[in-house]
4 protein chains.
Amino acid sequence: MNSRSSSVALIGETGRRNEAPILNAALVAFGEEGFNGASMREVAKRAGTSLSNLYNYFPSKAHLLAELLRRANDELLDRTSRAVERIGDGPAARLREAVKAYVEFVVDHQLAALVAISEVRYLQGENRDQVVRARDRTQAIFDEIVAEGAASGLFATPYPQDAARNIVTMCSAISTWYHDTGRLSREDLAQQHAHYALALVETRPGH
Amino acid sequence: MNSRSSSVALIGETGRRNEAPILNAALVAFGEEGFNGASMREVAKRAGTSLSNLYNYFPSKAHLLAELLRRANDELLDRTSRAVERIGDGPAARLREAVKAYVEFVVDHQLAALVAISEVRYLQGENRDQVVRARDRTQAIFDEIVAEGAASGLFATPYPQDAARNIVTMCSAISTWYHDTGRLSREDLAQQHAHYALALVETRPGH
Amino acid sequence: MNSRSSSVALIGETGRRNEAPILNAALVAFGEEGFNGASMREVAKRAGTSLSNLYNYFPSKAHLLAELLRRANDELLDRTSRAVERIGDGPAARLREAVKAYVEFVVDHQLAALVAISEVRYLQGENRDQVVRARDRTQAIFDEIVAEGAASGLFATPYPQDAARNIVTMCSAISTWYHDTGRLSREDLAQQHAHYALALVETRPGH
Amino acid sequence: MNSRSSSVALIGETGRRNEAPILNAALVAFGEEGFNGASMREVAKRAGTSLSNLYNYFPSKAHLLAELLRRANDELLDRTSRAVERIGDGPAARLREAVKAYVEFVVDHQLAALVAISEVRYLQGENRDQVVRARDRTQAIFDEIVAEGAASGLFATPYPQDAARNIVTMCSAISTWYHDTGRLSREDLAQQHAHYALALVETRPGH
DNA sequence: TATGAATGAGAGTTCATTCAT
DNA sequence: TATGAATGAACTCTCATTCAT
């Protein structure tokens with residue numbers, strides 16, 4: 001495990017011996033085959049335990065997915081909100097930092113980010129609500145920054161309402177194509193998307 | 001059926017009595033529950049035919065999905081390429097028209113667009129290749145326009161390489177949140193996203 | 001199949017090829033191992049078909065049990081009510097015929113009778129209600145006869161209220177111990193229990 | 001706990017701290033869901049202990065059931081035999097007392113009585129034999145009394161052989177319908193069934 | 001073309017039981 | 001004595017697919 005992914009562990013050790021292996025196994029399985037395409041048997045095999053033992057940790061497959069998404073979205077929200085807190089002043093700087101935090105999360109936890117966007121649909125009830133709530137709060141951070149910048153005249157976009165959504169869309173979509181062996185480093189990617197975000201809201205150079 | 005969705009029918013009548021109902025049923029089923037979450041029984045029920053009759057039309061569930069995605073991507077490619085053909089001159093105008101065509105496709109065939117992005121992963125082999133090829137050709141249209149605009153100095157973005165991908169990402173993501181009862185009309189949406197695209201590539205006003 | 005059990009077939013041929021074999025297999029399985037002790041695999045094996053094919057006939061194990069009990073109780077109610085209809089006059093004669101009809105049902109369909117009393121508890125909801133309703137209507141036939149006899153003074157028992165229940169209890173309990181190879185024939189048994197019933201309600205000889 | 005059920009405790013304190021709670025939990029679980037329908041987990045939960053701790057007290061689920069039934073049948077046999085011992089003379093008086101003792105047992109330990117009749121079938125081997133032996137000895141008490149009364153001419157029934165079985169059947173069936181909030185008290189019920197028993201064997205008033 | 005019956009594989013989940021502590 | 005973790009077998013039920021008609 002490199003310094004990146006351990007910087008803030010998404011799935012760290014808990015009191016229960018097999019919890020982390022199971023969650024990681026589920027992450028890979030759901031990521032590769034989708035929630036309905038992956039079987040609990042496969043998760044167990046990957047986790048190096050028995051099928052029935054899975055149920056000592058999570059009461060159902062749906063709960064397993066829920067826990068995964070809960071952790072991913074909580075971590076993303078945490079990183080993003082802490083990033084904008086650090087930078088107090090100016091919508092441009094804050095937007096830049098928020099985007100960088102988001103992108104770095106996606107790079108650090110690419111599979112979790114991918115699963116988080118593609119498998120939420122299979123959650124239901126309270127599990128779903130909880131995850132959606134965290135996701136909405138993350139989105140709201142971007143909404144507010146863009147609204148603030150638009151109000152102050154710094155962001156010239158005539159459509160500030162939907163720009164923030166597109167910024168988040170671009171960032172999370174990274175999880176669908178990024179390969180860490182590729183041309184772009186984590187920092188390049190963060191830098192680049194911060195730039196895209198400011199371009200999208202049409203930041204005025206002179207401001 | 002209104003003029004929009006029938007303008008170019010994604011799933012039109014063919015010589016085979018139940019083909020269109022089956023494809024439409026599969027579209028809804030896969031859209032609502034995902035490829036692996038939907039069953040052939042459910043597709044049959046929605047299509048108003050028997051389970052076994054499905055196999056008179058499509059040799060397998062995978063072929064059914066493939067046909068669906070093939071039609072969606074072909075239509076999207078067709079619309080987009082025709083849009084840029086009509087407008088011969090200028091990267092800005094061509095980008096604008098390409099985006100509008102893409103967005104209009106997503107609005108006209110929202111469910112198909114959604115299924116096309118979320119369920120490709122369940123295709124394999126030649127079926128997958130064919131679909132990916134059509135998708136890449138659509139993407140290439142945007143790539144070329146942006147490259148051309150960047151080369152001519154019209155698009156000032158320092159990262160022209162990835163900007164086109166983000167444009168397509170923004171357009172296709174519309175399928176995940178759009179509701180035709182919402183605030184934005186089809187034309188608004190097209191207009192808005194054309195604007196976003198030009199902002200993203202940092203079009204120079206003076207050019 | 002001898003003339004007795006075919007006199008009125010509990011599980012006869014229907015339009016569906018495997019329905020009767022499945023029901024009979026379930027009857028034996030549930031009878032031998034109890035509802036929860038018997039598995040659907042076992043039922044399938046006994047019926048000479050595949051496990052999954054069971055579900056083409058009955059939507060669940062519970063429905064299978066329900067159908068079994070529904071048929072048994074309906075047939076019992078039918079036999080008993082027809083027996084008392086034939087004999088219009090006199091509580092003594094009517095009680096005698098009702099008991100004989102009941103006993104003959106138990107002998108003719110011993111296993112079904114046994115399952116009907118021992119496995120109703122595993123039914124729930126409407127399935128259960130329906131079966132209980134039929135059972136109550138059968139009991140009511142005896143209740144009415146005893147009440148009538150008590151009212152007329154023919155039956156001297158000071159506890160007419162509960163006597164009818166005990167009569168039915170004695171008859172149905174036959175299913176728990178009877179062996180058709182035993183000392184008592186079907187007719188002996190019917191005769192004997194009719195006698196017991198009249199003794200229990202303390203029929204006055206002179207009446 | 002009232003004087004009735006503690007008069008002779010079916011499941012009393014032993015040297016082992018959790019034995020009584022486990023037995024009581026099993027009694028309720030088996031009573032409500034049947035032997036195969038109840039799980040060891042459920043028994044543990046009801047007993048307020050852990051699943052694995054159950055096996056410190058009973059080597060298997062079957063042994064747990066066996067112990068339950070052994071206690072119930074022993075207590076029933078004990079009560080019944082002591083009842084007839086107290087009353088030395090006369091088949092009528094002895095039958096009356098035997099029935100009353102049986103009925104009182106059923107009322108005092110209704111759930112145990114119910115489980116004893118409905119779940120014996122799931123016992124096997126020596127466990128089963130032991131329980132059946134106790135049950136047969138209880139039945140034999142009634143058999144002997146009826147035989148004696150028939151021999152002396154006091155009981156006029158032409159079918160003395162099976163009458164005793166029906167008497168026991170009626171008594172034990174009480175466990176299937178009795179509610180202690182109902183119309184009949186424990187003493188009423190005992191009295192009533194003693195009366196039914198004497199009627200069933202056709203006791204001659206003059207004798 | 002259309003159907004209902006049939007099938008083997010596999011799904012998620014629970015079971016009684018054992019093990020390590 | 002007591003526990004939580006672990007296991008392999010078995011459960012009910014559903015799956016995509018095929019067959020006979």
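Just the heavy atoms: all of them, side chains too, but no hydrogens, waters or symmetry mates, feed the values below. Numbered from 1 within each chain, the chains take letters A, B, ... in sequence-line order.
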Would you indicate what D:R41 reaches in the nucleic acid, counting non-hydrogen atoms under 4.0 angstrom: base, sugar-phosphate, or nothing? base
Does C:R46 come within less than 4.0 Å of C:E32, counting only side-chain N to carboxylate O? yes
Gap between atoms CD and P, on C:E33 and F:dT12 respectively (whole Å): 11 Å
Decide, yes or no, whether a salt bridge links D:R70 with D:E67 under the criterion of side-chain N to carboxylate O below 4.0 Å. yes
Just how far, in rounded Å, is P of F:dT17 from CG of B:L64? 10 Å
Mind checking if B:S52 touches a base, just sugar-phosphate, or nothing, with heavy atoms under 4.0 Å? base
In whole angstroms, the gap separating C1' of F:dC11 from CG of C:L51 amounts to 10 Å
Return the value, rounded to whole Å, for the distance between atom CE of D:M40 and atom C1' of F:dA6. 17 Å
Within less than 4.0 Å of OP1 or OP2 of F:dA6, is there a side-chain N or O belonging to A:R17? yes
5'-most contact on DNA chain E: B:T49 or A:P59, nearest heavy atom basis? B:T49
Between F:dT3, E:dA5, E:dA16, spot the one nearest the side chain of C:Y57, thanks. E:dA5
Could you state the atom-to-atom distance from CD1 of C:I22 to C1' of E:dT7 in whole Å? 13 Å
With a 4.0 Å limit, can you tell me whether B:N18 has a side-chain N or O closer than that to the phosphate oxygens OP1/OP2 of E:dT1? no
Euclidean distance, atom NZ of residue C:K45 to atom P of F:dA10 [Å, nearest integer]: 10 Å
Between F:dC15, F:dC11, E:dT3, which nucleotide gets closest to the side-chain atoms of B:S39? F:dC15
Tell me which nucleotide, if any, is Watson-Crick or G-U wobble paired with E:dT18 when both distances must be under 3.5 Å. F:dA5
Is any side-chain N of the basic residue among A:E119 and A:K61 closer than 4.0 Å to the acidic one's carboxylate O? no
Quick check for you: among E:dT3, E:dA6, F:dA6, whose closest atom lies nearest to any side-chain atom of A:N56? F:dA6
Within 6.0 angstrom of A:Q124 CD, more than 12 heavy atoms from elsewhere: no
Quick one: C:L65 CG to F:dT12 P, roughly how many Å, whole number? 13 Å
Pairing of B:R71 and B:E75 as salt bridge, 4.0 angstrom limit: no
Mind checking if C:L54 touches a base, just sugar-phosphate, or nothing, with heavy atoms under 4.0 Å? nothing
Heavy atoms only, 4.0 Å cut-off, all strands: where does C:A38 land among base, sugar-phosphate and nothing? sugar-phosphate
Please report, rounded to the nearest Å, how far the P atom of F:dC13 is from the CD atom of B:E42. 20 Å
Within the 4.0 Å heavy-atom criterion, would you say C:R16 contacts the bases, only the backbone, or no part of the nucleic acid? sugar-phosphate
Residue mapping more 5' on DNA chain F - nearest nucleotide basis, B:K61 or C:A62: C:A62
Tell which nucleotide pairs with F:dC11, taking only Watson-Crick or G-U wobble pairs whose two distances are both under 3.5 angstrom. E:dG12
Looking at side-chain heavy atoms only, is the closest gap between C:L23 and C:F58 below 4.5 Å? yes
Assert: residue with more 5' nearest nucleotide on DNA chain F, out of D:G48 and B:Y55, is D:G48
